[in-house]
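One structure is given below, encoded as structure tokens.
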Amino acid sequence: MPELPEVETTCRGIAPHLIGRRVARVVVRNPRLRWRVPTSLGREISGRIIGSVTRRAKYILIATDAGTAILHLGMSGSLRIVAAARPPGKWDHVDFVLAGGDCLRLRDPRRFGSILWTRQDPLAHKLLADIGPEPLTREFSRDYLYDVTRGRSRAIRDTLLDAHIVAGVGNIYANEALFRAGVRPTRAAGRLTFDECKRLVAAIRATLNRAIRSGGSTLRDYHAADGEAGYFQLTARVYGRNADPCRVCRTPIRLVRLGQRSAFYCPKCQV
DNA sequence: CTTTTGACCTGACAGC
DNA sequence: TGCTGTCAGGTCAAAA
């Protein structure tokens with residue numbers, strides 16, 4: 001479910017409920033996520049006050065002065081603020097219970113998500129240390145994308161999905177941005193021209209920003225009882241539209257398999 | 001070093 | 001209504 005805009009919106013949504021609050025305890029109903037939830041988590045974070053809630057790539061960092069919880073939502077994870085007394089559902093694996101009665105509840109049917117704990121600088125953590133620039137910062141520039149793709153033979157779609165190249169760009173937004181930029185997902189990254197890199201950087205920014213904006217208004221409040229926060233209703237230009245007419249030129253959208261994952265493009269609009 | 005593949009899980013949905 | 005097969009928004013580790 002979550003791509004960068006969803007993670008960003010989740011972060012913004014939960015932060016006001018967490019910052020300055022004390023963690024009373026952690027309830028782990030099922031520790032078997034992508035990696036086993038550390039048994040020390042409850043001991044480490046309980047009694048601590050949450051100082052900040054930030055995002056790096058698709059990781060959510062919940063920091064205290066004793067250490068930082070690093071959360072990832074995987075393919076199907078979601079976080080919400082609910083009353084701790086609320087009966088947990090089948091896939092509500094972990095609660096961070098706050099002093100006062102609320103809790104941050106992680107739901108994750110597929111269990112590809114993860115929760116880690118570090119006492120060091122989380123950005124120096126093994127999983128985060130080598131991640132590329134955030135796509136919404138100046139660091140992710142046309143020059144950077146051009147330089148980093150030189151000599152690379154893999155498809156540009158796969159290159160965009162590689163977190164070491166750029167942080168947090170997932171399959172939907174990679175495909176949508178490539179459409180906007182007029183570049184086929186199958187093109188070898190190293191063959192993109194400078195102008196194409198320039199358009200692609202702008203397209204990635206625009207696509208992500210738009211989704212974040214729509215998410216902010218879409219996702220209502222994180223106290224909400226139900227109302228599963230689904231995907232943002234971005235009207236896909238290509239993603240999932242195999243054989244449907246291109247919204248620009250009416251040519252049927254094509255689906256190709258790159259690796260194990262689908263890529264979509266308009267054979268006329270994208271070169 | 002770069003690129004590809006396999007692995008981790010469960011649910012939703014199409015087709016028989 | 002079942003059953004089977006396919007696919008899914010992620011990404012790490014190992015193999016090629």
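Reminder, nothing fancy here: chain letters follow the sequence lines and each chain counts from 1. Because only heavy atoms are used, hydrogens play no part in the values below, and waters and symmetry mates are left out as well, while side chains stay in.
With A:Tyr146 as the aromatic partner, A:Arg150 meets the cation-pi criteria of under 6.0 angstrom to the ring centre and within 45 degrees of the ring axis.
Contact annotation: A:Arg34 does not reach the phosphate of C:dT11 (side-chain N/O to OP1 or OP2, under 4.0 Å). Not one side-chain nitrogen or oxygen of A:Tyr173 sits closer than 4.0 Å to the OP1 or OP2 atom of C:dG10. Look at A:Arg261 and you won't find any side-chain N or O under 4.0 angstrom from OP1 or OP2 of C:dT11. Regarding contacts with the backbone of B:dC8, every side-chain N or O of A:Arg110 stays at 4.0 angstrom or more from both OP1 and OP2. Distances shown here put every side-chain N or O of A:Ser76 at or beyond 4.0 Å from the OP1 or OP2 atom of B:dC9. The shortest distance between the side-chain N/O atoms of A:Trp91 and the OP1/OP2 oxygens of B:dG11 is below 4.0 Å. Applying the 4.0 Å criterion to OP1 and OP2 of C:dT11, one finds that A:His72 has a side-chain N or O inside that range.
In this entry C:dA16 has B:dT2 as its Watson-Crick or G-U wobble partner, both defining distances falling under 3.5 Å.
The residue A:Leu73 sits apart from the nucleic acid: no heavy atom pair falls under 4.0 Å. Within 4.0 Å (heavy atoms only), A:Arg111 reaches sugar-phosphate atoms of the nucleic acid but no base atom. Within the 4.0 angstrom heavy-atom criterion, no nucleotide atom of any strand lies near A:Arg32.
Not a single donor-acceptor pair, N or O on each side, falls under 3.5 Å between the base of B:dT4 and the side chain of A:Arg154.
A salt bridge is absent between A:Glu176 and A:Arg237; no separation between the charged side-chain nitrogens and carboxylate oxygens falls under 4.0 Å. Under the 4.0 Å criterion applied to side-chain N and carboxylate O atoms, A:Arg29 and A:Asp95 are assigned as salt-bridge partners.
Along DNA chain C, the nucleotide closest to A:Lys126 and the one closest to A:Leu255 are compared, and the more 5′ of them pairs with A:Leu255. In terms of position on DNA chain B, the residue among A:Gln260 and A:Ser153 whose nearest nucleotide sits closer to the 5' end is A:Ser153.
The two atoms that bring A:Ala236 and A:Arg241 nearest to each other are O-CD, 3.2 Å, heavy atoms only.
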